[in-house]
Amino acid sequence: MARTNDDVAAVLEEYADLLAITGDEDFKVRVYQKAARSIGAHGDDIAGYDAGDLQQIPNVGAKIAAKVAEYLRCGTMAQLEQLRGRIPAGVRELTRIPALGPKRAMALHERLGVDSPESLESAIVAGALHGLPGFGAKTEENLLHGISLLRDAGGRVHLGVAMPLAEDIVGALESVRGCRRCGYAGSLRRMKDTIGDIDVLATSNRPKVLMDAFARLPQVTEVVVHGDKKTSLRTSQGLQVDLRVVPPDAWGAAMQYFTGAKAHNIRTREIAQHHKLKLSEYGLFDAVTEEKIVSATEEEVYRRLGLPWIPPTLREDTGEIQAALAGELPELVTEADVRGDLHTHTDLTDGHATIEDMAAAAAERGYAYYAVTDHGPKLYMQQMTLEKATAQRERLRRLDGTAGVRLLHGVELNIDPDGEVDWQPDVLAGFDLCVASVHSHFDLPRAKMTRRLVRAARNPYVNIIGHPSARLIGRRPPIDVDWDQVFQACARSGTALEINAFPDRLDLAADLIRRAQPYGVRFAVDSDAHAIGHLANLRYGIGTAQRGWLTADDVINTWPLDRLTAFLRKNR
DNA sequence: GCCGTTTTCGGCCCGACTGTTTTCAGTCG
């Protein structure tokens, strides 16, 4: 969450990796990994913590607390430096090669002096691995392949890439004979903003038929592993897709198992252990008799662990287990709660559809209200003028009410570097709502950037800050802002923060949403649609809102129109 | 190295697949 926590988590992970490489005991490695996760997930910034405070964090004992306190004080830890001295950074890099872990990375380093993926490649080509125990011909081949994969690693993709691919694959598998149920799990079901691989789950009594069909899908470029229960393949985008097939009555247990983040699963399995139970993808079993207790549905599995069903979007081990135990899980906002979209475009500026077509599509989606918010004149290439905006308003008023949708006339203003927007108050007052967004000058220093957003939020006519961090996933980092100041300003002035549902934005991001919510900030989950097809992206925004633990009450476009219009008047 | 609703000692999440093994270690998720 907070920056310091991430730094410390990364340092502890590095320490754990180096311990594993040096062959230290497994449980010790796991303990540092566990502590790293706990600190990474810890709600408060630990920057000012002393060793005593640190020990209050789960899985942080006296020894780790001392090391972290040392790191907070000096910027490093003596013991980490010691390991770094023994193990070149390139050796840790070796473990990023698929199928090469700490043990064999160390063997390569000790026996052959290999200290980077590049030097491993040379060693293999030179035949230096011949005769090295545990490294046969097939392994050499796999390592060379792994190094080339690492070199042009596509990395993670956003939801807009992963979701359609997963839905295509699920659709194809559902039509295979013998397939009972099929669905995606993993980070995709959790609606994480980026996806490293796609996990697909199916039930069948004839797994082999399904596995073979999976391996023959047209998107496949490489079959990585191929078994009866698990098959992994790589697609042309370089994305790995795993298919797991379990017996039909294990659907719930398997879904539970393959949906949660690793940390969430470890927590649930630990809870099972405490109850003298064993939890796996096949079910919840009595640890002693091995007798199966439940497996058919996720609800049963959670219930038997003493927990309510936990929505997939919360399964990150960032407090949801404690909340579930305390009966304090939020009632998350869902797509069904949404009554309208408050940020959309038409072909008057950079949209692709007419105002009539967009409004009809909004009606089709069952919205009660719908805002058209084309760009203001300060985004010069859009050639907007006050005359055009006025003409659009008249056209929209004539359409208003058709098919039962209340049409709102809005605008997406541009926030300039000083926090000023396109028009003066007399013009802004003519709009039903104003979205204001940053579209340029992304590199201002933090203080200036913060002042810019705070000023925009305090503008009595600005109702929503659009895509607040201006990030583009994988292409542009978020702007540097003191978010707490912005959250405070938004809460006080009655300005909502947008959760822009465009899959390469998902902005505000879930961790910042969760930080903003306690300030009393309201949110608008908007599609920012530039075409009819984009309206359906809203689901990604809702997933992000859920990951930020939001309820429908936190989201202004779930409100009835009268409550929304009261909010839009701000305190004017 | 951490932790405790059988434990202050003795445990530590679980299972699948591959490759090099002749029964299993290493890796992955």
Side-chain angles (χ1 to χ4, degrees), chain A residues 12 15-17 19-21 23-38 54-68 79 94-108 129 131-143 145-146 185-187 195-201 207 211 223-233 240-246 250 253-254 256-285 287-288 290 305-306 317 325:
Chain A
L12 291 176
Y15 191 68
D17 283 354
L19 286 178
I21 291 168
D24 216 314
E25 288 143 298
D26 271 355
F27 59 78
K28 204 161 148 185
V29 175
R30 277 202 303 273
V31 152
Y32 279 96
Q33 288 169 341
K34 253 169 131 168
R37 279 197 304 272
S38 292
L54 289 164
Q55 277 194 72
Q56 302 306 309
I57 300 172
N59 302 308
V60 178
K63 297 269 182 64
I64 294 181
K67 286 193 179 75
V68 172
Q79 277 165 294
L94 284 178
T95 63
R96 289 183 53 214
I97 299 170
L100 183 59
K103 297 281 194 298
R104 296 193 306 165
M106 190 58 178
L108 289 166
L129 271 64
L132 198 62
F135 292 85
K138 182 71 182 152
T139 299
E140 287 188 13
E141 196 184 303
N142 288 346
L143 287 176
H145 182 55
S187 50
I195 306 294
D197 55 34
I198 295 175
D199 292 298
V200 180
L201 181 64
M211 290 303 187
V223 177
V224 184
V225 296
H226 190 114
D228 281 350
K229 300 184 170 68
K230 171 183 174 173
T231 294
S232 300
L233 44 82
Q240 185 168 318
V241 187
D242 295 341
L243 173 63
R244 296 290 303 247
V245 182
V246 298
Q256 197 282 328
Y257 194 92
F258 291 113
T259 296
K262 191 175 179 175
H264 175 92
N265 287 352
I266 291 175
R267 289 293 302 276
T268 50
R269 274 169 263 165
E270 281 170 353
I271 292 173
Q273 262 192 332
H274 285 301
H275 288 80
K276 292 275 170 247
L277 303 170
K278 189 183 70 169
L279 180 59
S280 78
E281 60 266 55
Y282 298 111
L284 189 61
F285 300 87
V288 181
E290 304 259 299
L305 295 175
D317 191 28
L325 286 169

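Lettering follows sequence order; numbering is per chain, from 1.
Atom pair A:Gln55:CD and B:dG1:C1' shows a separation of 12 Å (rounding to whole Å applied). Remark: P of B:dC17 and CG of A:Asp228 are 7 Å apart, rounded to the nearest angstrom. Between A:Gln33 atom CD and B:dC12 atom P the separation is 17 Å, expressed in whole Å. Remark: C1' of B:dT18 and NE2 of A:His145 are 14 Å apart, rounded to the nearest angstrom. Here B:dC2 presents its C1' atom at 16 Å from CG of A:Asp26, a figure rounded to the nearest Å. Atom pair A:His226:NE2 and B:dA16:P shows a separation of 16 Å (rounding to whole Å applied). Distance, A:Leu201 CG to B:dA16 C1': 14 Å, rounded to whole Å. Atoms CD (A:Glu25) and P (B:dC2) sit 14 Å apart, rounded to a whole Å.
In this structure, B:dT8 makes no Watson-Crick or G-U wobble pair, since no nucleotide meets both defining distances under 3.5 angstrom.
Counting any heavy atom pair closer than 4.0 Å across all strands shown, A:Asn265 reaches no nucleic acid atom. A:Asn142 comes within 4.0 angstrom of sugar-phosphate atoms only, judged by non-hydrogen atoms across all strands, and of no base. Nucleic acid contact class of A:Ala137 (heavy atoms, under 4.0 Å, all strands): sugar-phosphate only. No contact: A:Ala272 has no heavy atom under 4.0 Å from any strand. If you check every strand for non-hydrogen atoms under 4.0 Å, A:Pro58 touches sugar and phosphate atoms only.
The list of salt bridge (charged side-chain N to carboxylate O under 4.0 Å, His left out) pairs with a residue in residues 131-140 of chain A, not counting sequence neighbours, reads A:Lys138-A:Glu141. Applying the side-chain hydrogen bond (donor to acceptor under 3.5 Å, both in side chains) test to every pair with at least one member in residues 258-267 of chain A, sequence neighbours left out, gives these pairs: A:Arg189-A:Thr259, A:His264-A:Tyr302, A:His264-A:Glu320, A:Arg267-A:Asp317.
Partners of A:Asn59 under the side chain to side chain donor-acceptor pair (under 3.5 Å) rule, at least two apart in sequence or in another chain, are A:Ser38. Not counting sequence neighbours, A:Arg104 has no partner by the side chain to side chain donor-acceptor pair (under 3.5 Å) test. Residues passing the ring-ring contact (aromatic ring centres under 6.0 Å, His included) test with A:Tyr257: none are found, sequence neighbours excluded. For A:Ser187, the side chain to side chain donor-acceptor pair (under 3.5 Å) criterion is met by no residue, not counting sequence neighbours. The side chain to side chain donor-acceptor pair (under 3.5 Å) check on A:Ser280 picks up nothing, with sequence neighbours excluded.
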Q: Going 5' to 3' through nucleotides 6-11 of chain B, assign each nucleotide B (protein heavy atom under 4.0 Å from a base atom), S (under 4.0 Å only from sugar-phosphate atoms) or - (no protein heavy atom that close).
A: B-----

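Remark: the separation of the C1' atoms in B:dC14 and B:dC9 is 24 Å, to the nearest Å. B:dC12 and B:dT18 have their C1' atoms separated by 26 Å, with the value rounded to a whole Å. Nucleotides B:dG11 and B:dA16 are separated by 25 Å at their P atoms, to the nearest Å. Nucleotides B:dT8 and B:dG1 are separated by 14 Å at their C1' atoms, to the nearest Å. With both ends at atom P, the span from B:dT20 to B:dT27 equals 13 Å, rounded to whole Å. Comparing the P positions of B:dA25 and B:dT21 gives an interatomic distance of 13 Å, to the nearest angstrom.
Taking side-chain N and O atoms only, A:Tyr15 has no distance below 4.0 Å to OP1 or OP2 of B:dG1. The phosphate of B:dT20 has OP1 or OP2 within less than 4.0 Å of a side-chain N or O from A:Thr139.
Of all heavy-atom pairs spanning A:Ala35 and A:Ile64, the tightest one is CB-CD1, 3.8 Å. The two residues A:Leu54 and A:Val68 come nearest to each other via the heavy atoms CD1-CG1, 3.7 Å.
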Protein N or O to nucleotides 23-29 of chain B N or O, pairs below 3.5 Å:
{"unit_1": "B:dT27", "atom_1": "OP1", "unit_2": "A:Gly101", "atom_2": "N", "d": "2.7"}
{"unit_1": "B:dT27", "atom_1": "OP1", "unit_2": "A:Gly101", "atom_2": "O", "d": "3.1"}
{"unit_1": "B:dT27", "atom_1": "OP1", "unit_2": "A:Arg104", "atom_2": "N", "d": "3.1"}
{"unit_1": "B:dT27", "atom_1": "OP2", "unit_2": "A:Lys103", "atom_2": "N", "d": "3.2"}
{"unit_1": "B:dT27", "atom_1": "O5'", "unit_2": "A:Gly101", "atom_2": "N", "d": "3.2"}
{"unit_1": "B:dC28", "atom_1": "OP1", "unit_2": "A:Ala99", "atom_2": "N", "d": "2.8"}

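Of the inter-residue distances, the one linking A:Asp199 atom CG with A:Gln240 atom CD reads 9.0 Å to the nearest 0.5 angstrom.
Nearer to the 5' terminus of DNA chain B, by closest-nucleotide assignment, is the contact made by A:Ala62 (compared with the other of A:Lys229 and A:Ala62). Comparing A:Ile57 and A:Glu270 by the nucleotide of DNA chain B whose heavy atom lies nearest to each, the residue mapping closer to the 5' end is A:Ile57.
For A:Arg244, the listed nucleotide lying nearest its side chain is B:dA16; candidates were B:dA16, B:dG1, B:dG15. When the nucleotides B:dG1, B:dT20, B:dC17 are ranked by their closest atom to the side chain of A:Lys138, B:dT20 comes out on top.
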Q.
For A:Lys34 and A:Glu270: C-alpha separation, side-chain torsions, deciding distance, then whether salt bridge (charged side-chain N to carboxylate O under 4.0 Å, His left out) applies.
A. CA-CA 13 Å; A:Lys34 253 169 131 168; A:Glu270 281 170 353; 3.2 Å; yes

